[in-house]
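See structure below.
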Amino acid sequence: MASGLRGHLLRPREASRRASFLELFFDLGTAIDALGPAGSRLGLLAGYLHLVMVAGVVAAAVGAKVMIAEPLSRDPAAFLVTLSGPALFLIGWILLAAAVHHRVSWHRPAGLVALVALGLLAHRLPLLAGSALMAALLIAVVVVETATLRRTGRPR
């Protein structure tokens, strides 16, 4: 991503080194703001919230790599890294729904609360076990969300 954006959104002094993801997010947000039509704050906000979700996906990939490398690790920091990706994604999803639709289905905040509770209760389990519990929790959120959409035609 940094090499693809070099010279386009990065300031010249930053283009000469490997920019951090945080710098890229701020530069991308500035570009969205500059290029968007006047008064497009909802579009800008949606862009930023999508970046939170993308950061969650990146963090989830890092967590998966850590889990694959050391599945029996009981390091709380490793579990925190693994947990941070889905938590960031859910936070972005919740805030995006609130900003765009002015409502949030209860499944997402409940899933976030359950994820935090899981982090507090399972952080000393082997990383593989904690990751499996986290995956089961996220699957449950998606299944309930999908069932609600099929039943009502829209999220609650």
Side-chain angles (χ1 to χ4, degrees), residues 1-6 9-10 14 17-32 42-156:
M1 190 162 130
S3 63
L5 294 175
R6 182 172 289 127
L9 299 176
L10 298 175
E14 292 175 351
R17 62 178 171 83
R18 189 85 178 144
S20 72
F21 282 111
L22 187 58
E23 290 170 326
L24 289 172
F25 287 159
F26 285 126
D27 287 342
L28 185 58
T30 302
I32 291 169
L42 181 59
L44 177 63
L45 180 61
Y48 281 124
L49 294 175
H50 274 98
L51 289 176
V52 173
M53 295 169 71
V54 169
V57 171
V58 170
V62 171
K65 186 172 182 170
V66 170
M67 193 273 302
I68 289 169
E70 300 180 42
L72 300 178
S73 171
R74 293 177 184 267
D75 181 12
F79 187 68
L80 181 63
V81 167
T82 304
L83 189 74
S84 67
L88 272 173
F89 185 86
L90 279 174
I91 289 168
W93 195 17
I94 290 165
L95 294 174
L96 183 64
V100 174
H101 302 295
H102 303 291
R103 64 178 181 265
V104 176
S105 62
W106 65 270
H107 321 104
R108 298 170 199 168
L112 184 59
V113 168
L115 209 60
V116 171
L118 176 66
L120 294 173
L121 298 174
H123 70 279
R124 296 196 189 264
L125 291 176
L127 196 51
L128 182 61
S131 295
L133 290 171
M134 184 176 50
L137 173 66
L138 294 172
I139 289 169
V141 170
V142 170
V143 166
V144 171
E145 183 89 12
T146 302
T148 300
L149 282 171
R150 285 187 180 155
R151 188 175 61 250
T152 65
R154 64 176 180 86
R156 290 187 179 192

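Residue numbers run from 1 in the order of the sequence given.
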Check against side chain to side chain contact (heavy atoms under 4.5 Å, CB included), V66 and L127: CA-CA 9 Å; V66 170; L127 196 51; 3.8 Å; yes

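- Taking both residues in full, the closest heavy atoms of V104 and I94 are given as CG2-O, 3.6 Å, listed atom of the first, atom of the second, then distance.
- Closest heavy-atom contact between V52 and L88: CG1-O, 3.5 Å.
- Closest non-hydrogen pair, G130 versus L118, comes out as O-CD2, 4.3 Å.
- For the pair E145/H107, a side-chain contact is recorded, criterion being any heavy-atom separation below 4.5 Å from C-beta on.
- Smallest separation of non-hydrogen atoms from M53 and L96: SD-CD2, 4.1 Å.
- Considering every non-hydrogen atom in both A99 and L49, the closest pair reads CB-CD1, 4.2 Å.
- Across every non-hydrogen atom of T82 and M134, the tightest pair is CG2-CE, 3.3 Å.
- Atom-to-atom distance recorded for S84:OG and F79:CZ is 10.5 Å, nearest 0.5 angstrom.
- I139 has its side chain within reach of V143: a pair of non-hydrogen atoms, C-beta onward, lies under 4.5 Å apart.
- S73 contributes atom OG, which lies 11.0 Å from atom CG of L128 (distance to the nearest 0.5 angstrom).
- Counting only heavy atoms from C-beta outward, the side chains of L115 and L83 approach each other to under 4.5 Å.
- Here H50 contributes atom NE2 and L95 contributes atom CG; the two are 12.0 Å apart, rounded to the nearest 0.5 Å.
- Side-chain contact between V144 and W106 is present, with heavy atoms from C-beta onward closer than 4.5 Å.
- Considering only heavy atoms from C-beta on, L80 stays 4.5 Å or farther from H123 through its side chain.
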